[in-house]
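Okay, so here's the structure we're looking at.
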Amino acid sequence: MPQTDFPSGHGQAYRPDIDGLRAIAVLAVLLYHVGGFGLTGGYGGVDVFFVISGYLITTIIQREIESGTFSLLDFYERRIRRIFPALVAVTVAATLVSAMLLLPEDFKEYGKSLLNLMAISSNYYFMRKTGYFDAAAGEKPLLHTWSLAVEEQFYVVFPLLLFVLSRFGRRAVIVGLTALACASFLTSVAALENAPARAFFATPGRVWELLVGVLTALIGPSLITRRLLREAVAASGLALIAFGYFFYSDATPFPGPAALVFCLGAAFIIYAGTNGGETFAGRLLSTPLLAGVGLISYSVYLWHWPLIVFVRYRFPELFSGEGAAAIGLRFTLVAASLVLGFLSWRFIERPFRKRAGTSGQRYAYAWFLGLTAALIAVALPVIKLKGLPERWPREVGEMLKHRERPEADVCKPLADSGLWPIDTCRIGPDAAADGTLLWGDSHAKMLIDGFEMARRQINQSVIVATVPGCPPFASVMLYGRSRAVQCRALVDTVMAAIAQSGVSRVVMSARWAYYAEGSGQDMGGGQPTQLSPDGIGKNPAVFSALFEDTVRHLRASGREVIIIGPIPEHRFPVASAMARNLVWQQLPPPELPRAVFAERQRHVLPLLDRLDALPGVRVVYPDRLLCGGETCRYAQGAKPLYVDANHLSPLGIKLIAPLINEIFAARPGE
């Protein structure tokens, strides 16, 4: 979220209202991340920043182009001096704290994010790893740098593009950039349905937001001459931004059309104040307090997220309540972020903006390249050495071994992948008959090692067809998920392959409640998974219909169908939480109440009971081995049964081994 501090406008004086707009943007992001302040759509502050950044940069470049003084080297030097010093300071601090605090796997992932940050590709790294709204995102100290990557990727191309278009006149500039903005917006809209993570993180779907600011700068001084109309435009801008802050949530499909609220709101405020125009909204934003926060907004943004992540990582229990301690922690984090932001602005940002004589440019580039190389040199061994596990006691390593899943060594890619989907694999020797198909999402994939042990009872191999986030339902369509197209192609191919293969037994396993309800249980995060274009409320009915139709179709083709029931879902990453509890002597989290499990599966268990009554259909229930009378356990002694909140560890798979063995038991008459 880098911002320039140049005069904002065509030769205009400093505009404190834009700094005030920065302030309400960074405060919204800060309060949203801290939580508990009611700004459920505060993430839109980043979109406001995109517009501001596009506007301010364009006024400078355009003025230099018109005066004949534009230089790419000067432009990038200014960007280095503006962005890099504070970013390096935050990154060094975050790396040191991560080395002391993060468990090995988390530190290894930190190393990867650091490497991508230095390569200006962190937005694509986080796009591949997690969604912005996922619970796992809360443990990534450099997640917020995705927005810096978007801006810097844009500015690699934009100055040259603007320079070239300017040769053809102002009309060509505006028409060309408007067309680019429209194409980017349509890209965002298209990705939102089938690839929401790409829509959120990838630059092509975000460029239009920066271009809103660019076009606001290029259309010239305000054409709004009437005071009343100017007031209305500025007030509408504030109202739009406030609406998004308070009425959007993590479930709002974003960005796409929803981001227009923030981008147009910011553009309205900026444009209403051009050419010396004064409005009540502008005066409100220009108050010394807001303008002052705006000046330090970049540093506040940089420091606030690692601070929140590290406190949450070390003291997760403080974030789980609503009492006085939790409220006090939130206010403390807000205050600490502002203080760190001010100190960073005063002692790091400001001094490094000054150019030191004629050698200043060479110095800036050398400094940039040297520190980039140094941070890459730090990241590479952290990755290669798997997060330096020797930093922790042996007991922690033993605990975290249970996060490893050996399916890659057990399930080999099919040689005859022309029939099955390309990622399908086989458990067992190629020469053995493929009598069983294990089909589902990641809850099926986690069972691979258990199936390898169980299938040795018979002279058969097991074919495994899985895609995370994809239920084993014929004709399924997902809405608002990144794997929608891949999922539909998989199920269509699997159903066709079953009809042509010798498979006689189909085992279906998935995170059933995730599809029936449309979201995870607390730890799920992310945008909802819709099974119908009519909304998530239709999920239970569509889920039941798809499930039953698929089972009946398989039975009609003569296949035995075995359904593995739901795995209890916990509210925290089990292996990681147990390791942290061991190190920091914290109280272990409470076990999941059986009643909570039943409520979570309220649309699943009755359906499974009905399907179990069909001829040739069996349902086996892991919860009968994982749950006792009143609770569902997540550990056996001091060892975790889960690798995260809902996927079983090897020990958990071993616990339900009798259930898997039962799948391969001979049926009566065989």
Side-chain angles (χ1 to χ4, degrees), residues 436-444 446-447 450-451 454 470-476 491 504-521 524 529 531-532 536-570 592-633 646 648 652-653 655-669:
T436 300
L437 169 67
L438 174 60
W439 182 22
D441 60 11
S442 60
H443 275 219
M446 73 181 179
L447 299 174
F451 269 69
C470 179
F473 298 154
S475 303
V476 68
V491 296
S504 60
R505 177 191 294 116
V506 177
V507 182
M508 303 170 68
S509 178
R511 190 181 177 187
W512 304 120
Y514 182 68
Y515 308 105
E517 304 299 332
S519 62
Q521 177 172 294
T529 293
L531 299 180
S532 165
I536 197 171
K538 299 290 185 180
N539 269 39
V542 177
F543 170 82
S544 296
L546 287 172
F547 206 157
E548 188 163 354
D549 287 350
T550 303
V551 170
R552 290 185 180 278
H553 183 89
L554 293 171
R555 283 298 303 132
S557 68
R559 273 75 182 181
E560 179 191 13
V561 177
I562 299 175
I563 303 168
I564 298 179
I567 300 292
E569 302 173 28
H570 296 275
L592 180 75
R594 187 69 182 261
V596 173
F597 166 76
E599 174 62 20
R600 170 70 173 164
Q601 308 296 333
R602 65 188 184 278
H603 294 120
V604 175
L605 294 175
L607 173 63
L608 294 183
D609 287 343
R610 294 198 304 272
L611 293 175
D612 196 23
L614 296 177
V617 178
R618 286 189 286 161
V619 180
V620 293
Y621 295 93
D623 63 283
R624 295 176 182 174
L625 297 173
L626 294 168
C627 302
E630 299 295 330
T631 62
C632 299
R633 64 186 185 276
N646 59 86
L648 294 175
I653 298 298
L655 185 64
I656 65 168
L659 176 149
I660 299 176
N661 293 336
E662 180 184 330
I663 291 174
F664 291 91
R667 292 166 293 179

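These numbers come from the heavy atoms of this one structure, side chains and all, not from hydrogens, waters or symmetry mates.
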Note to self: To the closest 0.5 Å, what do you measure between CH2 (Trp439) and CZ (Phe473)?
What the structure shows: 9.0 Å

Notebook entry, point to check: So, do Leu611 and Phe547 sit near enough that their side-chain heavy atoms are less than 4.5 Å apart?
Noted result: yes

Note to self: Side chains of Leu626 and Cys632, heavy atoms from C-beta outward: is any pair under 4.5 Å?
What the structure shows: no

Margin query: For the residue pair Asn646 / His443, report whether a side-chain donor-acceptor contact shorter than 3.5 Å exists.
Written below: yes

Check: Can you tell if the side chain of Glu662 reaches within under 4.5 Å of the side chain of Val620, non-hydrogen atoms only?
Finding: yes

Check: Sequence neighbours excluded, which residues qualify as side chain to side chain contact (heavy atoms under 4.5 Å, CB included) partners of Ala510?
Finding: Asp441, Pro472, Trp512, Tyr515

Check: How many angstroms lie between atom CG of Leu438 and atom CZ of Phe451, to the nearest 0.5 angstrom?
Finding: 4.5 Å

Item checked: Qualifying residues under salt bridge (Lys or Arg N to Asp or Glu O under 4.0 Å), relative to Arg594, sequence neighbours excluded -> Asp623

Notebook entry, point to check: Say you draw a straight line from CD1 of Ile562 to OG1 of Thr436; how long is it, rounded to the nearest 0.5 Å?
Noted result: 7.5 Å

Check: Looking at CZ of Arg633 and CG of Leu625, how far apart are the two atoms once the value is rounded to the nearest 0.5 Å?
Finding: 8.0 Å

Could you pull out all donor-acceptor pairs under 3.5 Å where a side-chain atom in residues 550-558 meets a protein atom, sequence neighbours excluded?
from, atom 1, to, atom 2, distance (Å)
Thr550, OG1, Ala474, N, 2.9
Thr550, OG1, Leu546, O, 2.8
Arg552, NE, Glu548, OE2, 3.1
Arg552, NH2, Glu548, OE2, 3.0
Arg555, NE, Pro615, O, 2.8
Arg555, NH1, Arg559, O, 2.8
Ser557, OG, Leu554, O, 2.7

Checklist line | Closest non-hydrogen atom pair, Phe664 against Ala454 | finding: CD1-CB, 3.7 Å

Notebook entry, point to check: What are the two closest non-hydrogen atoms of Val604 and Ala516, and how far apart are they?
Noted result: CG2-CB, 4.1 Å

Notebook entry, point to check: Would a 4.5 Å heavy-atom cut-off, applied to side chains only, mark Arg618 and Ile563 as touching?
Noted result: no

Note to self: Could you tell me if the side chain of Ile656 sits less than 4.5 Å from the side chain of Leu447, heavy atoms only?
What the structure shows: yes

Notebook entry, point to check: Are any non-hydrogen side-chain atoms of Met446 and Ile567 less than 4.5 angstrom apart?
Noted result: yes

Note to self: Using every non-hydrogen atom in the two residues, find where Val491 and Pro471 come nearest and quote the distance to one decimal.
What the structure shows: CG1-O, 3.7 Å

Next item on the list: State, to 0.1 Å, how close Thr529 and Ile536 come at their nearest heavy-atom pair, and which atoms those are.
Entry: O-CG1, 4.4 Å

Check: Ignoring hydrogens and geometry, is there a side-chain-to-backbone donor-acceptor pair from Asn539 to Glu517 under 3.5 Å?
Finding: no

Notebook entry, point to check: If you round to the nearest 0.5 Å, how far is CG of Leu607 from CG of Asp609?
Noted result: 9.0 Å

Margin query: Within the 4.5 Å heavy-atom criterion, are Gln601 and Leu608 side-chain neighbours or not?
Written below: no

Next item on the list: Please test Val617 against Glu560 for side chain to side chain contact (heavy atoms under 4.5 Å, CB included), starting from the C-alpha separation and ending with a verdict.
Entry: CA-CA 6 Å; Val617 178; Glu560 179 191 13; over 6 Å; no

Checklist line | Side chain proximity check, Met508 to Ile564, heavy atoms < 4.5 angstrom | finding: no

Margin query: I'd like to know if Arg600 pairs up with Glu569 as an ion pair, taking the criterion as any Lys NZ or Arg NE/NH1/NH2 lying under 4.0 Å from an Asp or Glu carboxylate oxygen.
Written below: yes

Notebook entry, point to check: Looking at OG of Ser544 and NE2 of His603, how far apart are the two atoms once the value is rounded to the nearest 0.5 Å?
Noted result: 7.5 Å

